[in-house]
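Presented below is the structure to which this report refers.
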Amino acid sequence: MIEKEKWFNVDAVKAKADELWNAPCIHMRPDALEKYQMFFDEKCQKSKELTDEARTCIPGAVQHNLSINYPFPIAMKKIEDAYFWDVDGNKYVNYLQAGGPTMLGSNDPEIREKVIELLNGDGPITGLFSEYELLLTKEVMKLIPHVEMLRLFASGSEADMAMARLARAYTGKPNIIKHECGYHGWNDTFEYDYGIAGTKESLSVGVPAYYHTHVQAVPSDDIPAMRAQLEENEKTGGTAAVVVEPFGPNGGAMPVHQDYLQQLRDLCDEFGTLLVYDEVITAFRVDIGGAAGFFGVKPDLSVFGKVIMGGYPMAGGVGGRREIVQHFAPPAGADYGKVHVGGTLSANPMCCLAGYYSLKKMQEIDACGKAAEASWKLGEGIQKIFDKYNLPFSVYVQPAIVHIDVTGTFCLRLTEDNLDEFNAKYPERNQALNEFAMGLMAEGIVTLSGRRLYTSSAVTDEVIEETLEKFDRLFSSYVPA
Ligand SMILES: Cc1ncc(COP(=O)(O)O)c(C=O)c1O
């Protein structure tokens, strides 16, 4: 049984982040850095050749935002159960889970067989209705009861974009409030104040400012700030939706207090605003019933992605109250009073089948419970290593998600007052993170950018033990010689 309270010491997490940011940046010892660098030079030659060539025709050499690119990206070949193998034959423990979607471990044989059967028989894509979209929809509705209707999309980014359009159409109000630092995909609406709180439009390169005329970012976990913004928005036609990642912005890296969602719910009801959970990461990961199952607070709409299709393409969806979701256009598109959405490959039979059978199997084997248990064990083990080597780094856990902060940048909030300090400190912190991520890869641990570990039901006690040995070696490299 997960001890929720253990994680919800949000104040301790934030205090630790402040401490880390205010202390000098901690680097790995140069001899260790050299050793890890040698792994890339000596053991990753095919990866180097492939990515050198890719650099000539693919911007940055890789198509994936989550690749570890320092000193160069590794070309992966095979993925199975809890492991990766690269093109040079090196083996890695998988804590990326393709960015979150795979809860049964990678390439689960039962789901694969179902997909192969479909490919050999009926075929992967029709562009028309298939029974699998119905089966998947009904399964999602069973698991997350506030989903009374569901529209599927090709990605989380698309689903977030569609959700914003739907919320505005349904409420007739123009404004959307998000959290500072929150990520809701790379669509123009939400490409605003993400990654680091307070960045506002500074990372929205190429997005015209008018996209954000009616989008505001407020600090997370701050009810007075949310109320003030809702009140302000009343002057410009009101707020269609408050959109949040329910465990906190940036995949929960900047956590929120446990009672925050209920307070948001009350505030949204007071202002006639929809409460939306962006559950692209959390649905069917932190809890088979998503954040509403975990916290017991229902939103009006939920945005899905990742796990909903069991790791098969394409994964996105918007679900929630019938009276809202029914405003999406019917497939024939002839009803011009409705909210128009599309997607050639959305809800294809292959992904819907994979999503349906994955959700079924996840319930049968309690995949969320197993992955959560693994995350607690990992978190505790990593904290013990920090204590052993007297390292001030931070580790905290949400079910099936482990956050590790070695640079103190997770809970930063940029303001006019600290911008100079941030600009002065950030490049060194970024380099320290690159070095840490490189050390992890060289030890054989694939993470999300050296900042996050996603677990799955394939992460057994043996896998954890193996991982902690690797972490121990890596963190011993931070102890002065
Ligand atoms: C909370 C959240 N919303 C939306 C997205 C975008 O999803 P996708 O990458 O499928 O477009 C992501 C992606 O990581 C996410 O974490």
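Counting starts at 1 for both ligands and their atoms, in listed order. Numbering starts at 1 and runs along the sequence shown. Please read these numbers as outputs of a predicted model, since none were measured by experiment.
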* **Aromatic ring proximity F247/H403, centre distance under 6.0 Å** => no
* Asked: Any N or O on W186 sitting closer than 3.5 Å to an N or O of ligand 1?
  -> no
* **Subset of ligand 1 atoms that lie under 4.0 Å from at least one heavy atom of E245** => 1 (C)
* Asked: So, do M350 and P313 sit near enough that their side-chain heavy atoms are less than 4.5 Å apart?
  -> yes
* Could you establish whether K306 and ligand 1 come within less than 4.0 Å of each other, counting only heavy atoms on the residue side? => yes
* To do: For residues D193 and A217, report the shortest heavy-atom separation together with the two atoms involved.
  => CB-CB, 3.7 Å
* Asked: Any idea which atoms of ligand 1 are less than 4.0 Å away from a heavy-atom of S155?
  -> 10 (O), 11 (O)
* Qualifying residues under salt bridge (charged side-chain N to carboxylate O under 4.0 Å, His left out), relative to E80, sequence neighbours excluded -> K78
* **Contact atoms of ligand 1, heavy-atom distance to D160 under 4.0 Å** => 3 (N), 4 (C)
* Is the closest N or O pair between D278 and ligand 1 shorter than 3.5 Å? -> yes
* How about S204 and Y211: does a side-chain donor come under 3.5 Å of a side-chain acceptor? -> no
* **CG on L448 to CD1 on I68, rounded to 0.5 Å** => 7.5 Å
* Identify the protein heavy atom lying closest to atom 1 (C) of ligand 1, giving its residue, its atom name and the separation to 0.1 Å. => Y183 O, 3.2 Å
* Asked: Can you name the closest pair of heavy atoms from L274 and R321 and give their distance?
  -> CD2-NH1, 4.4 Å
* Asked: Counting each atom of ligand 1 from 1 as listed, which ones have a heavy atom of I281 under 4.0 Å away?
  -> 16 (O)
* Is the distance between the ring centroids of F295 and Y277 under 6.0 Å? -> no
* Per atom 10 (O) of ligand 1, closest listed option by heavy atom (G156, P101, G99, G100) -> G156
* Asked: Which of the atoms of ligand 1 are close to S157, meaning less than 4.0 Å from one of its heavy atoms?
  -> 6 (C), 7 (O), 8 (P), 11 (O)
* Asked: Can you list the ligand 1 atoms lying under 4.0 Å from a non-hydrogen atom of H184?
  -> 3 (N), 4 (C)
